[in-house]
Each structure stands twice: as C-alpha cells, then as structure tokens.
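Note sheet for the following structure.
Quick caveat, the model's predicted, so the values are computed rather than measured.
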Amino acid sequence: MTEAGSGTGPGPGTGSGVGVGAGSGAGAGSGAGAHDTARLYEALRANDAEPEGPARNARAERLLAECERTGDTPLLIEGLSHLLKVYNYSSEKDKMFVPFARLLRLWDERPGDFDESAAHSLHWMFKWVSSSMVDQPHIPLASIEKWQAEMERRYRLAGHSERAVRQGELRIARHLGDMERARRAYDAWLAADRDRMANCHACELHGQGGWLVELGRDTEALKLWEPVLDGQYTCAHEPHAVLAASLLPLLRLGETDRARAHHLRGYRMVRPMESMRDSVALHVEFCALTGNEARALEILADRPAYFTATGNPDSHMDFLAVTALLMDRLTALGHGSRTVPGPTDTGPGTGPGTDTGPGTDTGSGSGSGWTAAALAAHARKQALAIAARFDERNGNTRVSTLVRERMAQAPVLDRLPLGMRAVARLTPRTAAPASDVPTAGGEGAGLTESLAEARRLSEEQHPEAGAAWAAVARAAGEDAAGLGARDRAEIADHRGMDPRTAPGETPALFRGAAELYEDAGDPGEAAAARARAAYALALAGRPDEALAAVAGPCEQALALHSGGRASARQATGALVCRLRILAMTGEGTAVEEAARELLAFAEPRRGEPRMVSRIAETLTVLGDLAARRGDLREAAGLYARSAEEYAGAGLSWYAVEAEARLAGLSHHLGDHEAAERAARAALEHGGPYIGATGRTRLHLQLAETLGATGQTEEASQHALEAAHWADEAGDSAGIGAYARHLLGGQLLGLGRAAEAAAVLEAVLPDLTADDHGEGMIVQTRWWLGDCLTALGEPRGAAEQWLLAAEIARAWPEQRDHAMLANLAAQALYRAGLDDEADAAYERAGELWRELGDVHALVRTVRVRAWIAVREGQAGPEAARALMERAAGECEEALGGASAGERAHLLAELADTHRQTAELVANAADEGDPVAYGEALAYVERALGFFGEAGEEFRDARTGAELFAAWLEAGSGRAAEARARAGAVLALYEGAEGELAESRCREAHAVLERLAKAAAG
C-alpha cells in the first residue's frame, strides 16, 4: 500500500480512488448560492435514508462532485463524510480510504472549517477506516499497525478515551491469532472509560460476546448478548448481527428453539442490508448444519452479488466458505448435479466453462449453469485463495486454517424444522421405506428364517410385517420355483397388500395368491384372497365391479367356516373386505347391515385370532356412518370404543385412525379436553409406524386443539412439526401451507412478531383462493399486518391490510372489509402518509356507515380532523369542520337510539368535544385567552355529556376534567384549576389500579405547576 504522508501521520492508500476528483482541494469550482447549498444538504440527508448498496454509493459520489463545485468547504466536508458512511455500509468498503485521506488532510490544514459535529464524525470514522484495513489483504500489516497507532495518537490529542482504540487492537490481534495480545486488548477495552467515541452499547456487546465465543465460552457470550437480543440496546445494525452470531453457540448448547427463532427473526432483518454479508453467511452456515439446505439455497439466491462483490475480501471469503460448506453438504446428500444459485460474473479463469465452473455452461454468465458440485469446488478455491492472501500478509496460516475448519464442519442436526418452505425444495430425506426397515430376521437371514419372521409379525399384526414380507420377496428373487405353493401364495398375497404396488396390479396378485392357496389345500385363505382382490378393484376406482366380485368369496368363506374348513379369521377377512367396499359406495343402509352381520359373527368369537381387530374396524365404520348422518355424539362414542378395543388387544398402532377421528369430532363438539386426549393418544400410538402425511395430520390436529384451549406455546411446536412433515410428504403448498399459516398466527399470539412475520411472508406465495380459500389468504395478510405493526413497519402493514381488504370487499358480509380498511388507514397515518391515510379513513367511514356502526364512523372522522392539522394538510379550519361533522353524526344517532345505546353515544359525543378542545388549544399560542376560553367551552360540553352518560365513563370524564384544569392554569385561573385537580384527587381517593394512579399523578402535576407559578 502506498502512503500519502504529509507530516500528519500515515495516509491511506490511494489505489482505490472513487473517481470524484480525489486530488482537488477545497475551494475548487465556481461557487454556488445558498439555495444550491441547502439543496445539496437536503440531498445528502435524503440519500442517507436510501437502502444500502451501489446505487446509494453512486449517488453519494455524484453529490460529492456537486459539493466540490460549490466551493463551500463545510459542504465538501459533509459530502466526504457522507461518502465514507455509505461506503462503510456497503460491499465497497475498499473505496473508503481516499475520501478519508482527503478529510484528514482538510482537518490538518483547515480545522476551523469543521464544526463540532464534523469533528466528531471525523474521529468516529477513524474507527471504520482502521478496522476496515484488517479486511483488506493488500494493505500491509505494518500500515495497519501504523494507522492503529495514529488513531491512538489523534484520540489522545482530542481528549478521547482509548476505549475504541483498544477495541480496534483486539480486532487486529484476533485476526492475527495473537491470543495474548488479544486478551490484553480486551481487558484494556473494558477498563477504559466510555465516552462519545465508544461504539454504542449494542455494538460493543456484540464484539465482547464474539471474543467469548472464540474462547469457547458460549454460555457467557449469550448472557452478555441478552440486552441486545431483548431490545434494550439497539442500533442500525443490532440486534441483526448478534442474532446471526448467536446461531451456532445456541446450536452447540442444544437451544434449538432459540436458534430457530433467532434465524427467523435475524435473517429477515439482514436481508435488505447489503453491508451485512458476514451475518448472511452465518445464516447460510446455520441452515447448512441443521438440515435446511434448501432454505440456504434461497438465501444465496437472494443476494447473487455477494458472490462477486470484492470490496470487503474478509466477508467475501466468509460467504464463499459457507457456500462451499453448503454445496459439499448437498453433494453428500446426493444432490451434486442439482442446479444452484451461483456467481453471475466469475471473471476470467474461474467461471462456467473452466475446471471449477459448472462444466456444462459455456460462460454465459447467467449463473444458472452452476451445479452444487461445481460451485463447491469454485467457492472452496476462491475462499482459500483469499485466505492465502491474508496468510501472506500476516505471516502465518491462521486465516486459511479457520476457513478450512469452517468448510469441513459436520452437520449439527439432521433436521431442525424452521416452519418455512423452501421454494427450491430438495428431495425429502425421509426415513427408509418400509421395505428397508430391518426386522428381527435381518436382511442377511436365510429364506427359511425370513419366512418365519414374516409370519410371526403377521400373526402379531405388527406394522412391520409388510417390510418383513418385502424382505422375503427379495430373498426369494425372481425365481421362486423352489418354494412351496403356500410360501408363494403368501408372498404374492403380501405383494398385493404393499401400498407401493401399483393399484392396477393388485387384483391379479390376489387372484394368483388365491389359486396358490387352493393348490396348498387352504380353501378358506383362497376365499379371503379373492375377497381382497375384489377390494383391490374398489381401490382402483371400480367399486360396482368390486361389489359384484366380493359376494361369492363371502358366501364361500362363511360356508367353509360352517363346514370347519375355514377359520374365523379367514371368514371375517372376506366380510371386512365387503364392508370396506360398501363403505366406499356410500350406501348407508347396506353398510350398516354388513357391519352388524360382521359384529354378530365376531363378537361370540372374541378369543380367536383377529376377532378384536375386526370388531374395532367395524366400530370405526359405524362411527363414520353416524358422523355422516349428523349424530356426532354417537360417532364419538363408537370411535372411542374402537380405540379401546385396539388398545385392549395390544394393537394400539391400529387405534390411530379412530383416535384421530375422535379428536376431530370432540373438537367440533367443544369437548377440548377429550379432543386433546385423543389427539395425543393418536400421535403417541402412531409413533414410527405412520408416514409423513399421517404425521402431518396428527400434529396439525393437536396444534388446532391446543390452540383452542390457550396452550399456544405447545400448539406452535406441533404446527411447526406439521409443516415439516408436510414438506416430507411433498405437500408443502397444500396442507403444509395451512400448517405454516396456523404457525404464523400462533407465533403472533405468543408475541413473537418477527418470527411470525418471517413465516407468514413465506407462506403467502403458496396460498391460492382455489386451493386454500379467500378466508385463509385474508387472515394471513391480516396477521402479517399485525406483525409488521408490532415491528414498527407501518407501510408494510398498510400494504397487507389493503390487499386483504381488496379481497374482502367482494364478500357479502362487509365487517371484515371495514375493519381492514380502518387498520390500513391507521397504518398509513403512523407511516406519515397523510393523503393516503385521509383517503383510507374516508373509505373506512363509508363502510362503517353502511354497516350502521356510528362509533367507528365517528372515530374515522375525528382522525381525519387530526390529519388535517398536520404539516401540508388542509389546516385548522378544515379540522374544526370535521370535528363538527363527527359531533353531528353522534347527535343524529342519538335521536333514534335505544336506552342501551344512548350512554355510549353520549360518551362518543363527549369525546368529540374534548378532542375539538385539544385542536383549538394546540393551534393557539400558549396562554392565548381567547383560544383557551373557546377550548374550555368545548371541554365543559364534554364534561356535561360524560356526566349524562353515567359512571361507566368516569375515567374518561376525569381525563377531560384534568385537561380543563391545565387550560385554567394556562389562562391564569389558578383557583379554578386547583378546584378541578382537587376534585379528581377526591374522586380517586383510595382507588387502586394503573389508571387511578395515572390520574392522581396528573392532578398532582397540575397542583405543582400552580404552586411554582405562585412562588415565582
């Protein structure tokens, strides 16, 4: 790095000029008038509020050029300071050094042109420049140390504490791996006094916690970060950075719920901020290590420029390292050939078409040709290349060692559900398919042992029996000629039962099994297999054919049983197939007759194999019939009996369906305790035996049940699980979207607005009116508006509520439309968008009028009055007219009001007069006797109407009384003011509660003011 020394200490390097006349001094140009100067100051302020990024930087460069042409040195200083700031908070940090050199030269040559604020900014920015040098491997270590010493010297000369200096030294020492120096710097940092040059509390705590994490003291770091995470200390970039920094420590400590929450909350905060690439890298890393690779891919896609923005090599290296980590993870999972987001312009020799690029792409620069495997190699090569430059500069291998360790991390968790569906969804990583579940016989067992194990599991009606029979089929191979007819019959029979067998193949498999059973001398099992073949026809969409086909096997099975040639299990096996077919046809009478016949046969034979399960299944079918005809309580009783039968026979895994239906019915009937009990039982009994779709349904059912009883925290956990299992089942956009919708609402109910917003924003693209209904879309946007309001984002809230209102406007019932229009107006008002807010309130008022809600109508008119007195609006006279209109609405409604409505309308009228008094008083000079007298007259009217409304409105009346007291005091009528305040105190004497205390405090404040005025 070259140095531009001028006797004032080391100067920044000039190799990264910004093309804005870096060599010209103050006074250049032709000068400008006061109007241009004011315009430029305003333009600099406006640009400061723009989003971070190259566009803001380019505007700052153009503005600096204009500032130079004015010949106004203070304006030039402002322009240089602004340029430094936007560079610091962007991906172009390497451009900071030249404008800072100019500022420093101006300070040394013309300190009188710096006002107090500019001088403070110069010394503040010294920290930025000094620390940014560490991130630039082309800047020699000697220059960095020299600048650190120069910062220390200048701070000392300016009378500043060394606190910020020692924090900067810690940064250098940590980067170099000089732990002893780092400890000394850390201790000196904490020991030094806090002054105006110290970083804000939030940023300091971030840095201190980061040092503790490096020392392996995760728990202490998280404790130190609590005031930032809780919002006690914040700034423009905190808690954004601390939320990201906390992710891996939380994972290491097993605090996965907090880690998930910090990711959802934190990524939403850093996503729009270009300068926070290092924090984004931490979120990518978190996702890569928790089974959320698809989510990490979305994050990469959000910021394609991060791959190639080289202005901050340190954060660029971090981003490339976690990209390599993610891509290695994808490749290990079998997704190495998957197309992934990648660099759009990789530069010569590193992009598509080279040995590190996608290979299939010829260099179009679109980034679409990158595969996970190719990007892994590219990102690793680039990250290590940057690390090597740091190592060369530093004289050790610390940076490359850390980068290699980061890229080589193993996953911390196989999965951590986030409640968000990744659009670029990966193939679900579910448990091994049923046929691969190991059984007691083992995959390597002989055929004889496998057959014996499969038969044992079938006899026990174990859920893994199907897997065992699949293992037998594989062991037997294609040529099963060496097996006996019975063995081949059972293999074919169970192949037909395998849910993975194509529906069109199953009838033939069952019929073939029947023939083999006949050959084996078992006509009873042959009849049952033919009944299964008939049921297979129904499952294939041929119910009428199935009904005709099942009659013969049922008659045959019963006849064989009567002659002692078929077991009760075989006979009821045929009858249950007939019952299932009839249930599919929807013919209630025939279904009930078949069910009663089956029960009549099975009940006396309870002790024989399979009889209890046949009875339990039949009770479930009868429960379905009762539910369809509207007898919900009878249905619930039948489902409960079915579950009890299964449980009593030790077949609890088969009770899941009945328990799930019982939970749904109980919830509908308002028996939440029974619903919760049944839902928990279904989830427990299902265990590992139900698939992803079943788990989705059970978790969702429990989430709804618990949510209805106020157990929102646990409900949200089940909604989260439901969302995850819906993804695994491949139904993210269907039931998964509903699960996320529910999760978002529950998180909002728990006060976790940032997490809820992230979930709801992610689910909106999946919601369609056809698939989910307009109601769910409106509710999602409504909740999201609530979230954004809680997060201080009124513009976003207004947008969501307006979009929801647009849907609701077509609904027959218009109350939701009116509420949403009103909410949108409130949000626009909070956002300072006065014209839009006024129009929205006017529209909301029209809707409330149509609905006959006078109170809501009056309130919209009153708010419009307050909008009218804002700067640039219609003014006080228009506001007064609106208040008069509001009062008129109340008076008109009072004419036809019932006794019950009258008191509330009187209170509304009273509050309108009170607010009119505030308008009058606020528009006047303090103490204006005419205006205060007019305002007091309005308050007297308000007091009269509040009194007429009754004791229900006592608190509103005392508020107006105290306002009158202030007006009296401001008008010099001390006795009247004292009397009003005393009356309020007397009214609340002995009263408890926050409002009573507030009224008494205000009354005492009036009396204290009067006492001071009398003493003065």
Side-chain angles (χ1 to χ4, degrees), residues 431-540 546 549-550 553 557 566-567 569-577 580-581 609-610 613-614 617 651 653-654 688-691:
S435 61
D436 295 330
V437 176
T439 60
E443 190 65 33
L447 185 55
T448 302
E449 292 84 354
S450 295
L451 272 167
E453 178 64 12
R455 286 168 177 153
R456 180 185 69 79
L457 292 171
S458 291
E459 188 67 25
E460 294 176 1
Q461 295 180 260
H462 197 281
E464 290 182 0
W469 281 106
V472 168
R474 287 195 299 276
E478 292 296 326
D479 184 10
L483 296 174
R486 177 76 192 193
D487 299 335
R488 286 182 285 130
E490 289 180 276
I491 291 172
D493 207 358
H494 284 93
R495 277 188 61 199
M497 298 178 197
D498 191 330
R500 293 169 302 172
T501 301
E505 298 177 13
T506 53
L509 284 167
F510 286 126
R511 285 194 290 268
E515 292 176 5
L516 289 167
Y517 282 129
E518 292 281 11
D519 292 344
D522 191 345
E525 200 63 52
R530 291 189 183 96
R532 289 192 283 274
Y535 179 48
L537 290 173
L539 292 175
V550 80
S567 68
R569 176 186 65 78
Q570 293 168 337
T572 54
L575 293 178
V576 84
C577 286
R580 292 170 183 170
I581 294 168
R610 301 287 178 95
S613 63
R614 302 289 196 234
E617 182 176 351
L651 303 171
W653 44 80
Y654 287 128
Y689 307 122
I690 54 176

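Within the model, atoms CD of Glu490 and CG of Leu483 stand 10.5 Å from one another, a figure rounded to the nearest 0.5 Å. Atom-to-atom distance recorded for Ile491:CD1 and Arg486:CZ is 12.0 Å, nearest 0.5 angstrom.
Using a 4.0 Å cut-off between charged nitrogen and carboxylate oxygen, Asp487 and Arg455 count as a salt-bridge pair. A salt bridge is absent between Asp519 and Arg488: the closest approach of a Lys/Arg side-chain nitrogen to an acidic carboxylate oxygen does not fall below 4.0 angstrom. A salt bridge links Arg530 with Glu518; the closest basic N to acidic carboxylate O contact falls under 4.0 Å.
Side-chain atoms of Leu539 and Pro503, non-hydrogen and from C-beta on, never get closer than 4.5 Å to each other.
The aromatic ring centres of Tyr689 and His462 sit less than 6.0 Å apart.
Across every non-hydrogen atom of Ala454 and Val472, the tightest pair is CB-CG2, 3.9 Å. In terms of heavy atoms, Ala468 sits closest to Leu457 at CB-CD1, 3.7 Å. Heavy atoms only, all atoms of each residue included: Ala514 and Ala526 are closest at O-CB, 3.4 Å.
Partners of Arg569 under the side-chain hydrogen bond (donor to acceptor under 3.5 Å, both in side chains) rule, at least two apart in sequence or in another chain, are Glu525. Partners of Glu460 under the salt bridge (Lys or Arg N to Asp or Glu O under 4.0 Å) rule, at least two apart in sequence or in another chain, are Arg456.
Neither side chain, Ser450 nor Trp469, offers a donor N or O lying under 3.5 Å from an acceptor on the other.
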